[in-house]
Amino acid sequence: MARQKEHAVTKYHFGVVGLGVMGQNLARNLERNGFSVVGYDANAKKVDDFARVMAGKNGVPARTVGEFLSLLESPRRVLIMVPAGKAVDAVINDLKAGLSAGDVLIDGGNTYFADTERRMKSLEGTGILFVGTGVSGGEEGALWGPSIMPGGNPAAWPMVKSPLQSIAAKTEDGVPCCDWIGNGGAGHFVKMVHNGIEYGDMQIICEAYFLMDRLLGMSPGAMADVFTQWDTGELNSYLIQITAEILRKKDPDTGKPLVEVILDTAEQKGTGKWTSQVALDLGMPALTIADAVFARMLSALKKERVAASAILKGPEVSFHGDRTEFLELIRKALFCSKICSYAQGFQLLRAANAEYGWGLNFGRIALLWRAGCIIRARFLGKISGAFEGDPAIPNLLLDPWFSGILSTYQSAWRNVIATAVEQGIPIPAFTSALAYFDSYRTATLPANLLQAQRDYFGAHTYRRVDREGVFHTQWEEK
C-alpha cells in the first residue's frame, strides 16, 4: 500500500499489460493526459523499466496479475499490448478469473479481426466487455498521439472513449483521431486495411525512388530535395516526409548515404498479407496492395536474384529526355497509383461492411487517418469529402475530384510505366494500379471468353447478354 500512498491514489484509472515499447509509451501517454496507470508484464525487467519511467508520476508497476487487478478502480479498464496470437489468449486467460462483469479488456495489438470476434464470443456470458483496437503511429505515435480504431462490444465505448480520445492524435482543428468503428472485429479490420494501404503506399514511393535512381541516375541527396518539394503539394504525407529524411541520412561508419548500405530485402509482419487474403475471400480486387506484398516477398529472394542477374539480361538503361520534366511525370504517376491503392482499400472496407454488417462510416474512417497514423496524408480530407458527398459511392475513382485527377494525370502515368517497361525497370505497384484503373473503367472485359473456357472443360455454365438464365453448351461434337 506504500506505493499507492506515495502517488496519493488508492485505485488507478487504467491498466496496461505488456510493457514493451508500444505498451510503455501508451501508458506514459495515458499518464501524461491525466489517467493514473498500473503496468504489468511477465518479464520482470520490463516491469523494472516501467517503474523507473514512472518514478514520481501517477503510475505504478505490478509484480503479479493479482496485484495488478487489485490496484485498478472498478469497473476495470485493461489495455493488452502483447504480440498478436497466442500471447493475447494467454493474457486473457490469466486475467479472466480476476475480472468482474462490466470490466473492459482492450486488445491494442495488430490482431487478425476474426480472432477478435472469436475472443468476444468466448467471453459471452461473463459480462466482460471486449474491445479490439487498431493503433497506428509506431513508437512515437504511441507516446505522443496515435490514430486509434476501436471496435467490439459497443457497451464498452462510453467507458473507454475519454481516455482513448485523450491520448489520440489531434487534427489541426483539434479533432481526436479516435472514434468508434463498429461491432465485433471492425476496429481490427479497419487497422488491417490501413496497413494494407500502407504496404501499397510504401511500395509506390519506393518505385518512384527506383526510377530516380536507376533511370535518372540521381543521388540520394538530390532525390531528398525532390521528395521534400513533393511534400509541399498534393502528395503531402508522413511517408513522403520521412522518405526525404531517410535519403538525406549519412551512414556514420562509411560516410555513404545510409540508404545505399541497407540490404534490399524487405520484411513484413503479416497485415499486408492478411489484407490480400481477405480481399480474395471477399472477391475484391486489391491488386496494388497484393503486388506490394509480393514485391516484399520477391525482395527476400536475394541470393536467387543475384544469381539470376548474371543469366537473365534485359535492356541497357539509358535516359535522354529532360530530367525535370520526367520527375513531374513520376510525381503524377505516383499520385495516380496512390489514389488507386486507397480506392482498393476502401472498396475492401465496403465489401466487409456488407458481409459483416458493421455499419462502417467510410468518411469518418478517412478522418481518423489524418493524423497520428503511418498513412496520414493531406488528400485524406478529399476522401472524407467524397464519402460525405455520396455515402453510397461504390469506388473513390468515381468521385469527381479523383476522376478529374486521374483523367488529367493518366498520360503521365502511362508514359512513366511505358518508359520503365522499355528500360527493364520493375515497378509492379505502379503497373498494377494502372491495370486496376483500366480494368475498372472498361465496360466489357475478356471474361466472356474465360467463362466459355470454364464451361468447355468443366460445364460451369455461363450467362448471356441477350436473355436471362444460365446456359451450357456442348462444345465438342459427339
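The model shown is predicted, which means the values in this text are computed figures rather than measured ones.
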Next on the checklist: Parallel, tilted or perpendicular: which one describes the rings of F346 and F362, with boundaries at 30° and 60°?
Outcome noted: perpendicular

Next on the checklist: With heavy-atom distances below 4.5 Å as the criterion, would you say the side chains of F68 and V17 are in contact?
Outcome noted: yes

Checklist entry - Please walk me through it: do M192 and Y112 pass side chain to side chain contact (heavy atoms under 4.5 Å, CB included)? => result CA-CA 8 Å; M192 177 192 74; Y112 187 56; 4.3 Å; yes

Item to check | Backbone of G109 reached by a side-chain donor or acceptor of H188 within 3.5 Å | outcome: yes

Checklist entry - How about M212 and F326: do any of their side-chain heavy atoms sit closer than 4.5 Å? => result no

Item to check | Evaluation steps, salt bridge (charged side-chain N to carboxylate O under 4.0 Å, His left out), between K121 and E124 | outcome: CA-CA 5 Å; K121 289 180 181 178; E124 287 179 357; over 6 Å; no

Checklist entry - Would L235 and L334 count as a side chain to side chain contact (heavy atoms under 4.5 Å, CB included) if you check the C-alpha gap in whole Å, the side-chain angles of each, and the deciding distance to 0.1 Å? => result CA-CA 9 Å; L235 280 173; L334 193 162; 3.5 Å; yes

Next on the checklist: Under the salt bridge (Lys or Arg N to Asp or Glu O under 4.0 Å) definition, can you give me all pairs with a residue in residues 219-230, not counting sequence neighbours?
Outcome noted: D225-R248

Checklist entry - Charged N to carboxylate O under 4.0 angstrom, D41 versus R63? => result no

Expected list for residues 155-162: side-chain donor-acceptor pairs under 3.5 angstrom, two or more places apart:
none

Item to check | Stepwise side chain to side chain donor-acceptor pair (under 3.5 Å) test for N353 and R350 | outcome: CA-CA 5 Å; N353 195 46; R350 183 175 291 284; over 6 Å; no

Next on the checklist: Donor-acceptor pair, distance only, cut-off 3.5 Å: does the side chain of S276 make one with the backbone of G272?
Outcome noted: yes

Checklist entry - Okay, side chain of E31, backbone of K57: is any donor-acceptor separation there less than 3.5 Å? => result no

Checklist outcome for this item: Minimal heavy-atom distance between V306 and S309, with the atoms involved, is O-OG, 2.6 Å

Item to check | A366 versus S384, closest heavy-atom pair with distance | outcome: CB-N, 3.9 Å

Next on the checklist: I need the minimum non-hydrogen distance between P61 and A51, along with the two atoms involved.
Outcome noted: CG-CB, 3.7 Å

Checklist outcome for this item: Between D179 and R364 the two heavy atoms that sit nearest each other are OD2-CD, 3.1 Å

Next on the checklist: Give me each pair satisfying salt bridge (Lys or Arg N to Asp or Glu O under 4.0 Å) with a member in residues 366-384, each pair once, sequence neighbours excluded.
Outcome noted: D173-R370

Checklist entry - Can any side-chain N or O of T133 pair as donor or acceptor with the backbone N or O of I106 at less than 3.5 Å? => result no

Next on the checklist: Does L105 form a side chain to side chain contact (heavy atoms under 4.5 Å, CB included) with V131? I'd like the steps, not just the answer.
Outcome noted: CA-CA 6 Å; L105 284 178; V131 176; over 6 Å; no

Item to check | Which atom of A279 lies closest to which atom of A286, heavy atoms considered | outcome: CB-CB, 3.8 Å

Checklist entry - For T243, what residues pass the side-chain hydrogen bond (donor to acceptor under 3.5 Å, both in side chains) criterion, not counting sequence neighbours? => result none

Checklist entry - W358 vs Y356 aromatic rings, parallel, tilted or perpendicular, using cut-offs 30° and 60°? => result parallel

Item to check | pair E140-N25: side-chain heavy atoms closer than 4.5 Å | outcome: no

Item to check | H194 and W369 aromatic ring geometry - parallel, tilted or perpendicular at 30°/60° bounds | outcome: perpendicular

Item to check | Evaluation steps, ring pair (Phe, Tyr, Trp, His ring centres under 6.0 Å), between W413 and F430 | outcome: CA-CA 8 Å; W413 194 11; F430 273 42; 8.2 Å; no

Next on the checklist: If you apply the rule salt bridge (charged side-chain N to carboxylate O under 4.0 Å, His left out), what do you find for R52 with D48, and how did you get there?
Outcome noted: CA-CA 6 Å; R52 283 192 291 272; D48 292 338; 5.5 Å; no

Checklist entry - Is there side-chain contact between N153 and F130, with at least one heavy-atom pair below 4.5 Å? => result no

Checklist entry - Tell me, do P257 and K250 make a side-chain contact under 4.5 Å, heavy atoms counted? => result yes

Next on the checklist: Strictly by salt bridge (Lys or Arg N to Asp or Glu O under 4.0 Å), give each pair with a member in residues 80-106 just once, sequence neighbours left out.
Outcome noted: R76-D103, D89-R118, D89-R119

Item to check | Check: Y342/D201 side-chain N/O donor and acceptor closer than 3.5 Å | outcome: yes

Checklist entry - Side chains of S299 and D264: does their closest heavy-atom pair fall under 4.5 Å? => result no

Checklist entry - Will you find, in the side chains of N195 and T271, an N or O donor that is under 3.5 Å from an N or O acceptor? => result yes

Checklist entry - Quick one: do the T111 and D115 side chains pair a donor with an acceptor below 3.5 Å? => result no

Checklist entry - Which atom names give the shortest non-hydrogen contact between A371 and S147, and what distance separates them? => result O-CB, 3.7 Å

Checklist entry - Any donor-acceptor pair under 3.5 Å linking the side chain of Q165 with the backbone of C178? => result yes

Next on the checklist: Checking E245 against T228 for the side chain to side chain contact (heavy atoms under 4.5 Å, CB included) test, could you report, in this order, the C-alpha distance in whole Å, the side-chain angles of both residues, the deciding distance, and whether it holds?
Outcome noted: CA-CA 9 Å; E245 294 178 9; T228 296; over 6 Å; no

Next on the checklist: For Q203, give me all partners under side-chain hydrogen bond (donor to acceptor under 3.5 Å, both in side chains), at least two apart in sequence or on another chain.
Outcome noted: E207

Checklist entry - Are side-chain N/O atoms of D291 and S432 paired as donor and acceptor at under 3.5 Å? => result yes

Checklist entry - Between R296 and Y199, is NZ or CZ placed under 6.0 angstrom from the six-membered ring centre and within 45° of the ring axis? => result yes

Item to check | From CA spacing to verdict: salt bridge (charged side-chain N to carboxylate O under 4.0 Å, His left out), D251, K256 | outcome: CA-CA 5 Å; D251 176 32; K256 296 179 179 179; over 6 Å; no

Checklist entry - Is there side-chain contact between D49 and Q24, with at least one heavy-atom pair below 4.5 Å? => result yes

Next on the checklist: Would the distance check show the side chain of S136 and the main-chain N or O of I374 forming a donor-acceptor pair, the cut-off being under 3.5 Å?
Outcome noted: yes

Checklist entry - Is L26 close to I167 at the side-chain level, that is, under 4.5 Å between some pair of heavy atoms? => result yes

Checklist entry - Any donor and acceptor pair, going by atom type alone, linking the side chain of N236 with main-chain N or O of D231 inside 3.5 Å? => result yes

Item to check | More than 12 heavy atoms of other groups within 6.0 Å of F294 CZ | outcome: no

